[in-house]
Number of protein chains: 2
Amino acid sequence: MQRKLPQSNLYLREEELRRGIELLYFAYRDFTRDPDEILADSGFGRAHHRVLYFVKRNPGTTVSGLLSLLRITKQSLSRVLGQLVDDGYIEQKPGTEDRRQRLLYLTDKGEKFEADLFATQRQRVAQAYKMAGPEAVSGFWEVLLNIVDDSEREIVMRQLEK
Amino acid sequence: MQRKLPQSNLYLREEELRRGIELLYFAYRDFTRDPDEILADSGFGRAHHRVLYFVKRNPGTTVSGLLSLLRITKQSLSRVLGQLVDDGYIEQKPGTEDRRQRLLYLTDKGEKFEADLFATQRQRVAQAYKMAGPEAVSGFWEVLLNIVDDSEREIVMRQLEK
DNA sequence: TGTATTATGTCAACAACACTGACGTATCAG
DNA sequence: CTGATACGTCAGTGTTGTTGACATAATACA
């Protein structure tokens, strides 16, 4: 018998998939809202935030390091990075081993600004973690990691373990 | 004693928070990649996808319904919606009760296109669900829902239950 | 009936951020 | 010495968001 089971399963599955898709949209939209507001006051945008964030997390990283992490073009990165350097948020030091490289570090000003931006997301995510509980948080991480491209998962995991 | 515990907890907490923040960035980035490619071939962008998606999910919704769901300006929506109507993906019918309203529906062409776009994200999310397992999926939903703004949670939950 | 409000659309300007393509310089590696 | 690499730059383009102002039609209400 069971004529209707496959149909029913498919329907449930679709609902579950749409739920994930929608939550991802809404959560990401709100997740970026607080820092976006702070950034706008300083004449920066979301891209600046990402650069500050990943330089903070990977002090001494190079331009190509950022490029392969962010997966944007060097022209896009260059514009944003240049502004951050010009405005004194990021410092470039020539590589010791390979002098073509520019090692990137946050200045004190950059550290403070990043901390302000981080505080807003910290608050939001900490609250969500608290409401959902530790088991839910594990599941959250696991599903997200599996949504990442197969081809990117290695590099993402390396980043997470820093 | 436990002199070091609070410090240690804070450190762990920070790491956990950064993990969530980073995963959200990487997952969202890759999550939007497949549909973005298809859209580019048709001369559309991510905003068109969102409109198609939510009209599919809420057939007969109005412009203001979309506006309060997407939280963008009417000028932004109008441009994108206008293109989709002009190109025959979305159909507008005057409201029966309130004739100022334009009720929005996907045309057959729109249904097919949305299905193509959805298929890519369906595949990615289904795979992630499968790898992570049902408990992880619940946690994924729960954390994401709590990341959504308090002020938006009602409207998001109403959407999810459709 | 008349008036205020609502739903929607439109014109214009602007900014952020991504892209492509091409070219240039300094440095490294063999 | 030569080719590849790391990085920068100039120029153009497109999507998507914003603000502000104005217009039209339909509704709601006094």
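Letters go in sequence order (proteins before strands), and every chain restarts at 1.
Checking the phosphate oxygens (OP1, OP2) of C:dC19, a side-chain nitrogen or oxygen of A:S76 falls inside 4.0 Å. Applying the 4.0 Å criterion to OP1 and OP2 of D:dT5, one finds that A:R102 has every side-chain N and O outside that range. The side chain of A:R46 places no N or O atom within less than 4.0 Å of a non-bridging phosphate oxygen (OP1 or OP2) of D:dG17. Phosphate contact (OP1/OP2 of C:dT8, side-chain N/O of B:Q92, threshold under 4.0 Å): absent. At D:dT16, one or more side-chain N or O atoms of B:H48 fall inside 4.0 Å of OP1 or OP2 (strictly under the cut-off).
If you check every strand for non-hydrogen atoms under 4.0 Å, A:R29 touches nothing. Counting any heavy atom pair closer than 4.0 Å across all strands shown, B:G43 reaches sugar-phosphate atoms only and no base atom.
Distance CZ (B:R71) to P (D:dT18): 11 Å, rounded to an integer number of Å. Distance CG (A:D36) to P (C:dA16): 12 Å, rounded to an integer number of Å. The nearest whole Å value for the distance from the CG atom in B:L84 to the C1' atom in D:dT16 is 14 Å. Rounded to whole angstrom, the span from the OH atom of A:Y28 across to the P atom of D:dG17 amounts to 13 Å. Nucleotide C:dT27 holds its P atom 14 Å from the CG atom of A:L103, rounded to whole Å. The nearest whole Å value for the distance from the CD atom in B:Q101 to the P atom in C:dG9 is 11 Å. For B:E37 and D:dG14, the CD to C1' distance is 17 Å, given to the nearest whole Å. Rounded to an integer number of Å, the gap from CG of B:L67 to C1' of C:dA7 is 10 Å.
Looking at which nucleotide of DNA chain C each of B:D98 and A:K74 is closest to, the 5′-most match is held by B:D98. For the pair A:R100 and A:L77, nearest-nucleotide mapping onto DNA chain C gives the more 5' position to A:L77. Heavy-atom distances to DNA chain D give each of A:S64 and B:Q83 a nearest nucleotide, and the one nearer the 5′ end belongs to A:S64.
In this structure a side-chain-to-backbone donor-acceptor pair under 3.5 Å is missing from B:S64 to B:L67. Using a distance-only test at 3.5 Å, with no hydrogens or angles considered, a donor-acceptor pair links the side chain of A:R153 to the main chain of A:V148.
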In sequence, state the C-alpha distance, the side-chain angles, and the governing distance for B:R18 and B:E14, and then conclude on salt bridge (charged side-chain N to carboxylate O under 4.0 Å, His left out). CA-CA 6 Å; B:R18 293 227 179 246; B:E14 170 112 356; 3.5 Å; yes
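Side-chain proximity of A:A47 to the nucleotides D:dG8, C:dA18, C:dT27 is greatest for C:dA18. When distances are taken from the side chain of B:T73 to each of D:dG8, C:dT8, D:dT18, the shortest belongs to D:dT18. Comparing D:dT9, C:dC19, D:dG17 by their nearest atom to the side chain of B:R79 picks out D:dG17. Comparing C:dG9, C:dT27, D:dA6 against the side chain of A:R99 picks out C:dT27 as the nearest. With distances taken from any side-chain atom of A:Q75 to the nucleotides D:dT27, C:dC17, D:dA11, the minimum falls on D:dA11.
Between B:F54 and A:F26, the distance separating the two ring centers is shorter than 6.0 angstrom.
More than 12 heavy atoms of other residues, nucleotides or ligands shown are found within 6.0 angstrom of CD on A:Q75. In B:Q92, the CD atom is crowded: over 12 heavy atoms of neighbouring residues, nucleotides or ligands sit closer than 6.0 Å.
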